[in-house]
Amino acid sequence: FLFKKVEDNLPLFLLICGAAAVTAAGIWHRGLVLHALREPLHICLVVLILGFIFKKFSARLAGAAAGCVNKFGIKATLAGIVIIISLASSIITAILAALLLSEVSTMLCITRRQRVKFIVYACFAISAGAVLTPIGEPLATIVISKLSGAPYYAGEFFLLKLLWPYVFSIIAIMAALAYKITDEQTDSPACPRAVALTDNADVIKRAAKVYIFVAALVLLGAALGPGAQEIILRLSARQIYWVNLSAAALDNATVAAIAAGPHLPPKTLVYLLVSLIISGGLLVPGNIPNIISAAKLKISAKEWAREGVFLGLALFAFYFAVLSVYYEVFARAQ
């Protein structure tokens, strides 16, 4: 936030931090290096391939976006995109959802500030929608894998059954906020049409940034994980909820890998997962959709924080109150 060079080269900066943390922890070994090199490959290849696909079909996407605006208006179009992309992310993955969101957003007649708000709101919604299935995003994959045995025997629809009220309400809130971003005027001089990012070098550079980012998170998770787990095991469900604000800077999937497990009772598990879903939207490193969207649209860390931090903290407080009332009042009464 303080240094422009760091902000412009955030993936490289986090990689240096990760390497320093691993060095300080004294845990460098061949397996960790190979894991840090292999883990980002899948995401990087998806970003690269889909980037070229979107480049080829950008004209059709632009036509579809313009058609929706003409038929339904800009307000309903923004809200509809948030709902459709966030729910689809559980099937097409959060990565594809973020790429599709970023590409479509460049074709809508909204200002730069409105576009940043729209992306932040939509990424909050994608963070929620993608956890409904284990293929949606890394957080869901990790949690289902860790809870697949006793006592939960988690299957494909475990998180859907556990979290659906919170997921759908978060998506509805984000869609309502997106609806209020702008008025119905679509061709105002103050709202110039954006040009889609279709340069080949930009596609390759974006994929490289995602690769470095994920590799950095692997190193940070390996170095910080053992100490963090010791702390988390001593905390109550409500304390874990607030501690998980750290996922805003650490990546919510990394925190899930540290904290989730069959030892957690259902109440604690819900507190944990709801807090991770929300905290992942506060800052750029909090979630893969944020990373991809910010890189593609050149949204700075400061721009994202300006829109995401206050909103995320408000959501955090609201859902903490909801969970507290449910578990401390209604659940006890039953």
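Count residues from 1 along the sequence. Worth knowing before you read on, the calculation uses all heavy atoms, side chains too, and leaves out hydrogens, waters and symmetry mates.
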Side-chain (K296) to main-chain (S102) donor-acceptor, under 3.5 angstrom
no

In this structure, CG of L108 is separated from CD of Q114 (nearest 0.5 Å) by 10.5 Å

Please report the shortest heavy-atom distance between A79 and A175, naming the atom on each side.
CB-O, 3.4 Å

Using the side chain to side chain donor-acceptor pair (under 3.5 Å) rule, take Y319 and S169 through it: C-alpha gap first, then chi angles, then the decisive distance, then the call.
CA-CA 10 Å; Y319 280 95; S169 60; 2.6 Å; yes

Side chain to side chain contact (heavy atoms under 4.5 Å, CB included) evaluation trace for L132 with F157
CA-CA 7 Å; L132 293 176; F157 301 107; over 6 Å; no

Carefully, step by step, assess L297 and S105 under the rule side chain to side chain contact (heavy atoms under 4.5 Å, CB included).
CA-CA 9 Å; L297 299 174; S105 75; 3.5 Å; yes

R238 side-chain N/O to S324 backbone N/O, donor-acceptor pair under 3.5 Å:
no

Distance-only, no hydrogens or angles: does the Q239 side chain make a donor-acceptor pair with backbone N or O of S236 under 3.5 Å?
yes

Heavy-atom distance under 4.5 Å between the side chains of S89 and I95, does that happen here?
no

Flag yes if L273 and F158 sit in one hydrophobic cluster, no otherwise; membership is Ile, Leu, Val, Met, Phe, Trp, Tyr, and two members link when side-chain heavy atoms are under 4.5 Å apart.
yes

Reported CG-to-CZ distance for the pair L163 and F168, which is rounded to 0.5 angstrom:
10.5 Å

Mind checking the OH-OG spacing from Y153 to S148? Nearest 0.5 Å is all I need.
10.0 Å

Apply the test ring-ring contact (aromatic ring centres under 6.0 Å, His included) to residues Y327 and Y271: give CA-CA distance (whole Å), side-chain angles for both, the deciding distance (0.1 Å), then the verdict.
CA-CA 10 Å; Y327 283 108; Y271 269 97; 5.8 Å; yes

Check whether any side-chain N or O of T133 sits under 3.5 Å from a backbone N or O of S90 as a donor-acceptor pair, and report yes or no.
yes

Does the distance from a Lys or Arg side-chain N to an Asp or Glu carboxylate O, for E303 and R113, drop under 4.0 Å?
no

Straight-line distance of I126 CD1 to L96 CG, nearest 0.5 Å
9.5 Å

Around atom CH2 of W28, are there more than 12 heavy atoms from other residues, nucleotides or ligands closer than 6.0 Å?
yes

If you look at every heavy atom in L159 and I144, which pair is closest and at what distance?
CG-CD1, 3.9 Å

Report the C-alpha distance between Y121 and L78 in whole Å, list the side-chain angles of each, state the deciding distance to 0.1 Å, and finish with yes or no for side chain to side chain contact (heavy atoms under 4.5 Å, CB included).
CA-CA 10 Å; Y121 298 161; L78 293 175; over 6 Å; no

Are N287 and S127 linked by a side-chain donor-acceptor pair shorter than 3.5 Å?
yes

Give the minimum heavy-atom separation between W304 and G281, together with the two atoms involved.
NE1-O, 2.9 Å

Nearest 0.5 Å, what's the SG-CZ distance between C109 and R115?
8.5 Å

Could you pull out all residues at least two apart from T93 that satisfy side chain to side chain donor-acceptor pair (under 3.5 Å)?
none

Does S86 reach the main-chain N or O of V82 with its side chain, forming a donor-acceptor pair under 3.5 Å?
yes

Are F124 and I173 close enough that some pair of their side-chain heavy atoms sits under 4.5 Å apart?
no

Should V243 and V309 be regarded as members of a common hydrophobic cluster, given that ILVMFWY residues are connected when their side-chain heavy atoms come within less than 4.5 Å of each other, either directly or indirectly?
yes

Kindly work out whether a path of hydrophobic side-chain contacts (I/L/V/M/F/W/Y, heavy atoms less than 4.5 Å apart) joins I91 to V104.
no

Does the side chain of R112 come within less than 4.5 Å of I299's, by heavy atoms?
yes

So CG of L100 and CD1 of I292: to nearest 0.5 Å the spacing works out to 12.0 Å

Applying ring-ring contact (aromatic ring centres under 6.0 Å, His included) to F320 and not counting sequence neighbours gives Y241, W242

Of the non-hydrogen atoms in L147 and Y152, which two are nearest, and what is the gap between them?
O-CB, 3.6 Å

Could you walk me through whether L177 and L311 satisfy the side chain to side chain contact (heavy atoms under 4.5 Å, CB included) test, starting with their C-alpha distance in whole Å, then the side-chain angles of each, then the deciding distance to 0.1 Å, before giving a yes or no?
CA-CA 10 Å; L177 290 174; L311 173 59; 3.7 Å; yes

If you compare all heavy atoms of P40 against all heavy atoms of L37, which two are closest, and at what distance to 0.1 Å?
CD-O, 3.5 Å

If the condition is ring-ring contact (aromatic ring centres under 6.0 Å, His included), which residues does Y166 pass it with, not counting sequence neighbours?
none

Keeping the roles fixed (side chain from S293, backbone from N290), state whether a donor-acceptor pair exists under 3.5 Å.
no

Using the rule that Ile, Leu, Val, Met, Phe, Trp and Tyr join whenever any side-chain heavy atoms are under 4.5 Å apart, tell me whether V322 and L272 fall into a single cluster.
yes

Exactly one of N252, L276, V274 should register a side chain to side chain contact (heavy atoms under 4.5 Å, CB included) with N244. Which one does?
L276

Count I, L, V, M, F, W, Y as connected when their side-chain heavy atoms are under 4.5 Å apart, and connections chain through other members. Are I84 and I171 then in the same cluster?
no

Non-hydrogen atoms of V120 and G308 that approach each other most closely:
CG1-CA, 3.9 Å

